[in-house]
Structures are given as structure tokens and as C-alpha cells.
Trainee: 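After the C-alpha cells below, expect a handful of questions from me.
Just so we're on the same page: letters track the sequence lines, and every chain starts at 1. Owing to the predicted nature of the structure, the values given are computational and were not obtained by experimental measurement. These values consider heavy atoms only, across backbone and side chains, with no hydrogens, waters or symmetry-generated copies.
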Amino acid sequence: MPELPEVETVVRDLRPLLVGRTIVGVRQSKQKLRGPWKPAWNAEVTGARVEGLRRRGKWILIDLAGAPRSVLRVHLGMTGQFTVASAAAPEPDHLHVVFALGDGNELRFRDPRRFGSAEFFRDRAALETEMNAELGPEPFGIDAEYFRTAVQGTARNLKALLLDQTIVAGVGNIYADEACFRAKLHPGRAGKSLTPAECDGLRGAVEAVLTRAIEGRGSTIRDYVGGSGLRGGFQTEFAVYGRTDDPCPACRTPIASARYAGRASHFCPSCQPDSPQGHKVRTKKHKESGSPVPRPDVTRRKTAG
DNA sequence: CTGTAATCCTGCGAGC
DNA sequence: TGCTCGCAGGATTACA
């Protein structure tokens, strides 16, 4: 599932293959993406030269030269693949939008599950303003005070907070779990239950996990490939994600799974306790609260009847 | 405010 | 073996 490291890898792979090239034609499938490419955009981008490639959160931005300066925006959804291939190379299935380049190659957007989007925006500055209003900061070098305030100011659990793109942009289900493990924090902990030091630890863990994952060219569970078609390598370094019942890499306790924020979540019940390590949870008499973490729905197991 | 669930969609594995 | 069904989940939206 493409999250920040996968998107960053695609952008880095595609940059040398796209910058300076001219889009000479567009074709598309009849199937609708979540964010569908409109045929009216074909004429807008044909003849445009690619100025640069960027990433913002999980979004890919392709800057096009011209006045006014426009931009292509792509989201890979869950199964999106954005690659450059020879126009002569056989076409895979689920190909939705293809941009022909002047050099005999083409930029292909493939997305079996069609959760992705490919859109054109004529006004680059307006789009940036809009995106900055909807997305939180990039997770590198986040202001400590900002992050503490965002986390401690809510009763929402850490999993929900990390998945919330308006707080931090780019984290998805895999790296949220991995960051919580690295920070030794239970994903079900309420944001406001964290100490300032724990907030700082979580912020650092998010940054560290994403940095390592980028170095590993992202994670491939099933569909993900980089801009040149290569699979990722970070999936072999998962500590908890998808490792239910496997021994914790730190203490050998079996990894647990539960559902938080509607997402499968994985954690070590020993390394990531419900309450701050070394602190007894203080409960006031008049405000009795049993466990500091609400009991999650344990993974549903089908029972007869 | 917070959480949950449905929605979009295809592929795959579990279970019968 | 072949079918159904749950699940995977990013973002959005509706509802409890």
C-alpha cells in the first residue's frame, strides 16, 4: 500500500525519466478511477513540458511548464503503479491513464483496485494553497511543540492520530504500526495520555521509520512497484506489521493484533504496554476509569451461530 | 468530540 | 473443485 516512502521512491525514480520530457499525447481507459482523469484535460497537457516532480504527503505532483504554470496530481490509492516504460512494451491490464512522452517512452498509471486518482490542475499555486490547508506538515523536522499540542490535545488514539493526514502527512497503516513499535507506545493509547517525552519519542520514531523505509525503497506487500517497476525492500524489516503471533523482535512476546481507527493494528503487548512504562496510571476516585486504553475489538473470529 | 461504518474496487486466501 | 465471503485499506462522508 503506497504510503510516503513508496510515493517518495516513485518520485525519485521517475524524476530523471520525466523532467525535460514533453507530453505528446494522452489516452485512457473507460474505467473510472476514484479521482477520474477527464478527457477535456488531454488537450491541456498535450505539448506541455515536465518541469519537475514533487511529493506532498502521499500525493505525486508533476509540474508542467507554461503560463499559467499547471500541475498533474496523482494518488496511488492502494494498488496504484506509476511507471515509465517503452511505448513498445506490452501493456498490462488495469492500465487507466497513459501519457506518451516525446522520447519513445510513456508514463503509465495502472491501478487494479482503482482507489487512485489522476487529475490536472491549471493553477498550480491555487492547488498548493488548497493542499496545504488540508494536509499537515511533512513528517521530517516537525516542530516539537506543534506535535505535542496536536497529540496531547485530543482523546483520539495514537493510531487514529498518525493516520490523520491533517496532523502529519504521509503516514499510513504500515508505518503507523511500525512507528508505534519503535516508540514503544501502544497504538490504542489516547493522545492526551502521552507525556511530552513520549510525544517527542513518537515524532522521532515516525521520522526514523519513514527514513529507513525510503532507504529500503518502500515496502511491497503485493502490488507496489517504484517508478522503474522495481519492488520495494523494506517489507523484510517489519517489526510488527502483518506479523501477528510472530515473536517480537525485541522480546519474543507474540505480536498481538487488534482494530484501531478501523484498521488492523499490530503491536507487542509487552514492549508497548497500555500505560506509560514505569508510571502507575493514576485514577481519580470520582472519575473511575478501568483501563487507560479501551479494550479493542479483538479480531473477529467466526463462531457457529 | 470521537468513533464507527459504508463507499469506492479487485484479488486472494480461508472455509465449507 | 468451486463457490462464497471476509479482508486488505486511503480518503471521504454519513451517522451514532
Trainee: May I have the distance from A:L95 (atom CG) to B:dT10 (atom P), rounded to whole angstrom?
Mentor: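 One finds 15 Å between P of B:dT10 and CG of A:L95, rounded.
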Trainee: What's the CD-P distance between A:E119 and C:dA11, to the nearest Å?
Mentor: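 Rounded to the whole Å, the gap is 13 Å.
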Trainee: Which part of the nucleic acid, if any, lies within reach of A:T79 when heavy atoms closer than 4.0 Å are counted: base, sugar-phosphate only, or nothing?
Mentor: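 Contact class for A:T79: none.
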Trainee: Using only side-chain N and O atoms of A:R259, determine if any of them is under 4.0 Å from OP1 or OP2 of C:dA8.
Mentor: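 Yes, because at least one side-chain N or O of A:R259 sits under 4.0 Å from OP1 or OP2 of C:dA8.
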Trainee: Check the phosphate of C:dG10 against A:Q165, side-chain N and O only, distance under 4.0 Å to OP1 or OP2. Yes or no?
Mentor: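 Indeed not, no polar side-chain atom of A:Q165 lies that close.
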Trainee: Less than 4.0 Å between a side-chain N and a carboxylate O, is that true for A:E198 and A:R189?
Mentor: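 Yes, this pair counts.
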Trainee: Within the pair A:T154 and B:dC1, is there a side-chain N or O less than 4.0 Å away from OP1 or OP2?
Mentor: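 Answer no for this pair, as no side-chain N or O of A:T154 is under 4.0 Å from OP1 or OP2.
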Trainee: Rounded to whole angstroms, how far apart are CG on A:N173 and P on C:dA11?
Mentor: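 Atom CG in A:N173 sits about 12 Å away from atom P in C:dA11.
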Trainee: For the helix from B:dT2-C:dA16 to B:dC16-C:dG2, figure out the bend between the end axes, five pairs an end, and round to 10 degrees.
Mentor: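 Roughly 70° between the end axes, to the nearest 10°.
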Trainee: Check this for me: does the side-chain of A:R222 come within 3.5 Å of the base of C:dA8 through a donor and an acceptor?
Mentor: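 Not at all, since no donor on one side and acceptor on the other fall under 3.5 Å apart.
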Trainee: In whole Å, I'd like the distance from the OH atom of A:Y224 to the P atom of C:dG9.
Mentor: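 Rounded to the whole Å, the gap is 17 Å.
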Trainee: Between A:E138 and A:R55, does at least one N-O distance fall below 4.0 Å, as a salt bridge requires?
Mentor: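 Salt bridge between A:E138 and A:R55, a charged N being under 4.0 Å from a carboxylate O: yes.
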Trainee: Should A:R114 and A:D111 count as an ion pair when the cut-off is N to O under 4.0 Å?
Mentor: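 Between A:D111 and A:R114 there is no salt bridge, as every charged N stays at least 4.0 Å from the carboxylate O atoms.
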Trainee: Between C:dG10 atom P and A:L76 atom CG, what is the distance in whole Å?
Mentor: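 It is 12 Å, rounded to the nearest whole Å.
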Trainee: Decide yes or no, distance alone: a donor-acceptor N/O pair under 3.5 angstrom between the base of C:dG10 and the side-chain of A:R263.
Mentor: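 Under the 3.5 Å cut-off, the side chain and the base do form a donor-acceptor pair.
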Trainee: Take the protein atom CG of A:L4 and the nucleotide atom P of C:dG9, then report the distance between them rounded to whole Å.
Mentor: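 Between P of C:dG9 and CG of A:L4: 18 Å.
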Trainee: Does a side-chain N-to-carboxylate-O contact under 4.0 Å join A:D63 and A:R69?
Mentor: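 Judged by the 4.0 Å cut-off on N to carboxylate O distance, A:D63 and A:R69 do not form a salt bridge.
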Trainee: With a non-hydrogen cut-off below 4.0 angstrom, is A:Y241 in contact with a base, only sugar-phosphate, or nothing?
Mentor: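 Sugar-phosphate contact only - A:Y241 comes under 4.0 Å of backbone atoms but never of a base.
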Trainee: Which distance, rounded to the nearest 0.5 Å, do you find between the CD of A:E106 and the OG1 of A:T83?
Mentor: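 Spacing of CD (A:E106) from OG1 (A:T83) equals 9.0 Å.
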Trainee: Scan A:A264 against the nucleic acid and name what it touches under 4.0 Å (heavy atoms): base, sugar-phosphate only, or nothing.
Mentor: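 Sugar-phosphate: the residue A:A264, judged by heavy atoms under 4.0 Å, touches backbone atoms but no base.
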Trainee: May I ask you to say what A:R34 touches in the nucleic acid, namely base, sugar-phosphate or nothing, with a heavy-atom cut-off under 4.0 Å?
Mentor: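 If one applies the 4.0 Å heavy-atom cut-off, A:R34 turns out to touch a base.
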Trainee: Name all residues meeting the side chain to side chain donor-acceptor pair (under 3.5 Å) criterion together with A:H266; count only those two or more places apart in sequence or in a different chain, and write none if there are none.
Mentor: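 Partners of A:H266 by the side chain to side chain donor-acceptor pair (under 3.5 Å) criterion, ordered by chain and then number, come out as A:D177.
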Trainee: For A:K32, answer base if it contacts any base atom (sugar-phosphate contacts may also be present), sugar-phosphate if it contacts only those atoms, and nothing otherwise; contact means non-hydrogen atoms under 4.0 Å.
Mentor: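 Contact class for A:K32: none.
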Trainee: Please report, rounded to the nearest Å, how far the P atom of B:dT10 is from the CG atom of A:L33.
Mentor: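 About 11 Å, once rounded to whole Å.
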Trainee: Let's see if you can work this out: which of C:dA8, B:dC12, B:dC8 has an atom nearest to the side-chain heavy atoms of A:F115?
Mentor: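 So the side chain of A:F115 is nearest to B:dC8.
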Trainee: Atom CZ of A:R189 to atom C1' of B:dT2: distance rounded to whole Å?
Mentor: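 My rounded result for the distance is 18 Å.
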Trainee: Regarding A:D164, tell me which of base, sugar-phosphate or nothing describes its non-hydrogen contacts under 4.0 Å with the strands shown.
Mentor: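 A:D164: no heavy atom of the nucleic acid under 4.0 Å.
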Trainee: Would you tell me if any nitrogen or oxygen in the side chain of A:H94 comes within less than 4.0 Å of OP1 or OP2 on B:dG11?
Mentor: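 So the side chain of A:H94 is within the cut-off, an N or O lying under 4.0 Å from OP1 or OP2 of B:dG11.
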Trainee: What nucleotide among B:dC9, C:dA11, C:dA8 has an atom nearest to a side-chain atom of A:R114?
Mentor: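 Per side-chain heavy atoms of A:R114, the pick is B:dC9.
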Trainee: Check the pair A:R27 / A:E91 against salt bridge (Lys or Arg N to Asp or Glu O under 4.0 Å), numbers first and verdict last.
Mentor: CA-CA 13 Å; A:R27 64 181 193 279; A:E91 283 198 0; 2.3 Å; yes
Trainee: What is the ring orientation for A:H94 with A:H96, classed by angle as parallel under 30°, tilted 30 to 60°, or perpendicular over 60°?
Mentor: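 Geometry flag for A:H96 against A:H94: tilted rings.
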